[in-house]
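Report on the structure given below.
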Amino acid sequence: MNDLHTWLSQQHHGLRTFRTFQQKLDDLGNGDARQRAMCRLLKSIVGSYIDTFDEEPLPVAVADRAYGRLLEMVASLDFDGNADRRLADINRVAALDLRH
């Protein structure tokens, strides 16, 4: 997951980054079955954000805040953690709403 965080940290805050992030999550989830649930959950959350602003003006402050929150969340995930840690991470991600 460090690679995903590194990639994300080097990207622009626009919707294209979020769309590409979804593809990277697909690739990761398809390549590692242990990560599939987390990847699908993150993809869904990012998808909700994209759907909200697709073809609408995206205020810079909103984009900056969403990008920062996503970057922070990805940095905090422990994909090699034990089952309790991974469940806690999944629950934290499930509570994430990038739109607000």
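Since the model is a prediction, treat every value here as computed from it, not as a measurement.
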Lys/Arg-Asp/Glu bridge criterion (N-O < 4.0 Å) met for R85, D89: yes
From CD1 (I50) to CD1 (I45), nearest 0.5 Å: 12.0 Å
Hydrophobic cluster membership, L87 vs L42, 4.5 Å side-chain cutoff: no
Atom pair CZ/OG1 of R19 and T17 - distance to nearest 0.5 Å: 10.0 Å
Carboxylate-amine/guanidinium proximity below 4.0 Å for R34 and D80: yes
Partner set under salt bridge (charged side-chain N to carboxylate O under 4.0 Å, His left out) for D51, not counting sequence neighbours: none
Distance, nearest 0.5 Å, that separates CD of Q11 from OG1 of T6: 11.0 Å
Inter-residue atom distance H13.NE2 - D64.CG, 0.5 Å rounding: 5.5 Å
Geometric class of the Y67/F18 ring pair [parallel <30°, tilted 30-60°, perpendicular >60°]: perpendicular
Validation row: H5, L77 side chains within 4.5 angstrom (heavy atoms): no
Pairing of K43 and D26 as salt bridge, 4.0 angstrom limit: yes
Donor-acceptor under 3.5 Å (T20 side chain, R16 main chain): yes
Flag for D27-Q23: side-chain donor and acceptor within less than 3.5 Å: yes
Point-to-point distance, once rounded to the nearest 0.5 Å, from CZ of R69 to CG of L98: 6.0 Å
F21 vs L4 side-chain heavy atoms within contact, under 4.5 Å: yes
Closest approach of M38 to V93 (non-hydrogen atoms, all atoms of both residues): SD-CG2, 3.6 Å
E72, CD: over 12 other non-hydrogen atoms inside 6.0 angstrom: no
Smallest separation among heavy atoms of P59 and F53, with atom names: CD-CE2, 4.3 Å
Closest non-hydrogen atom pair between G29 and C39, with its separation: N-SG, 3.7 Å
Student check: side-chain heavy atoms of F79 and D32 closer than 4.5 Å: no
Side-chain heavy atoms of R99 within contact of R65, under 4.5 Å: no
Y49/L58 under side-chain contact (heavy atoms from CB on, under 4.5 Å): CA gap, chis, key distance, verdict: CA-CA 11 Å; Y49 173 76; L58 178 58; 3.6 Å; yes
L8 side, atom CG; L71 side, atom CG - distance, nearest 0.5 Å: 5.0 Å
Enclosure of R92 CZ (heavy-atom neighbours >12, cutoff 6.0 Å): yes
